[in-house]
There are 2 protein chains.
Amino acid sequence: MAVDREQVLKEAAALLTRRATTSMDEIARAAGISRATLHRHFAGRDALIRALEERGIEQLAQAMDAARLEDGDAATALRRLVTEAEPVAGMLAFLFTENQLFEGEAVNAGWARLDGRINALFRRGQEEGDFRIDLSAAWLTEALYGLIGAGSWAVHEGRVARNDLNHSIVELLLGGIRRSMEK
Amino acid sequence: MAVDREQVLKEAAALLTRRATTSMDEIARAAGISRATLHRHFAGRDALIRALEERGIEQLAQAMDAARLEDGDAATALRRLVTEAEPVAGMLAFLFTENQLFEGEAVNAGWARLDGRINALFRRGQEEGDFRIDLSAAWLTEALYGLIGAGSWAVHEGRVARNDLNHSIVELLLGGIRRSMEK
DNA sequence: TATCGATGAGACATCTGTGTCTCATCCGGC
DNA sequence: GCCGGATGAGACACAGATGTCTCATCGATA
């Protein structure tokens, strides 16, 4: 009865997102397998985190593909990106706070690629005259991550309705707090 | 030669912001004292974190006082808040990701008070017709924390210049990404 | 049914961090 | 100079998690 590796990673992500210090034993139980079996599939805790990171990178990359970042105007592409990335928001929030620990070669390269794609999207919006240019694309990228993380956390805490998450993030990013007469 | 408790907390905050699992020994060394002395001043790791949290709450409260949140229009008050809170940004980023673990009585009450003040600021802006009302004040509060955290991290990583931090946060919050003809 | 691979349960050693304690030392005030 | 409080260095036991191993069991398949 082969263990569903993907299912294990999913459970692990759910637990670690809530508490970064969740033990291997707790993860194993949550996944419905024994600690021994967990170790048979992932050499150790580091390997598990690494696998999670690779999974997160892959999922975000797929979300980007699905969002077709290069199509249409940048703002609409950004909306699509947030929509596609929402299911991975919790995972991103976890990795965003955790990735300071592990500085793997391939992993960093993976993040750099993703950052680059988002950066490019913001730059495109700036070049097309739609996005303001007094805020660097690098900062906008970080801010996007930050808002996704904050939003995911807020939903988890019950301070924001899950249904509003997408709208909350995108609208704040695009339009800001201020009520504008027209735009 | 009395240990400078404030200095120890400052060092601890700096280290823990970078890596949440920094050991007591590392903190002690960074503060230039021995682990034994560190334990003489803080009963244990929990007590140290608790002290950090109280310190963060106090500092943020002072920043709010200095920002005079009730004076003038809400947007300007928000600008003042970000300016005053900037020196504590790193600390806030740490506590923001860490407070999910410790659920102290008094501590939570302290955060609730601060959240309430920020919430009130956003609500005031909404009632005065300056802030949009399709984004809840609760979400705006979370978003502010998120952006401060992301900004602090971006500065730490060298992706945003420290001098730009204030401007980056406030402008994104108030105006959003979009280039607007007029506002 | 017999077999083989995968799993669960548990024992075990190890490691890291923590909290406590003791003892020597240092430094300032008397 | 002497004394007392504070500190540093280090030993110690303890707790929790980790990684490895063994052995029994279960289930699918030949």
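Since we're looking at a predicted model, the values are computed, not measured.
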**OP:** Calculate the interatomic distance between Asp46(A) atom CG and dA17(D) atom P; express it in whole Å.
**Re:** 16 Å
Original post:
CZ of Arg45(A) versus P of dT14(C): gap in Å, rounded?
Top reply: 23 Å
Subject >> Polar side-chain contact Arg35(B)-dG19(C) base: donor and acceptor under 3.5 Å >> reply: yes
Original post:
If only side-chain N and O atoms of His41(A) are considered, is one of them under 4.0 Å from the OP1 or OP2 phosphate oxygen of dT7(C)?
Top reply: yes
**OP:** Answer with base, sugar-phosphate or nothing: what part of the nucleic acid does Arg40(B) contact at a heavy-atom distance below 4.0 Å?
**Re:** base
Original post:
How long is the line joining CE of Met24(A) and C1' of dC15(C), in whole Å?
Top reply: 15 Å
Original post:
Of all the nucleotides listed (dC21(D), dG17(C), dG8(D)), which has the minimum atom distance to the side chain of Ala36(A)?
Top reply: dC21(D)
Original post:
Does a salt bridge link Glu171(A) with Arg79(A), judged by any charged N lying under 4.0 Å from a carboxylate O?
Top reply: yes
Subject >> Note: Glu70(B)-Arg124(B) ion pair, threshold 4.0 Å (strictly below) >> reply: no
Original post:
Quick one: Ile27(A) CD1 to dG19(D) C1', roughly how many Å, whole number?
Top reply: 15 Å
**OP:** Start with the C-alpha distance between Leu95(B) and Trp111(B), add both sets of side-chain angles, then the distance that settles side chain to side chain contact (heavy atoms under 4.5 Å, CB included), and finish with yes or no.
**Re:** CA-CA 10 Å; Leu95(B) 295 178; Trp111(B) 283 118; 3.6 Å; yes
Subject >> Spacing between Phe42(B) atom CZ and dT7(D) atom P, to the nearest angstrom >> reply: 12 Å
Original post:
Out of dT7(D), dA17(D), dT20(D), which nucleotide sits closest to the side chain of Thr37(B)?
Top reply: dT7(D)
Subject >> Nearest-angstrom distance from the residue atom NE2 of His39(B) to P of dG17(C) >> reply: 13 Å
Original post:
Rounded to the Å, how far apart are Leu38(A) CG and dG10(C) P?
Top reply: 17 Å
Subject >> Distance-only donor-acceptor check, side chains Thr83(A) and Asn166(A), under 3.5 Å >> reply: yes
Original post:
Please give, in whole Å, the distance from dC27(C) C1' to Ile33(B) CD1?
Top reply: 17 Å
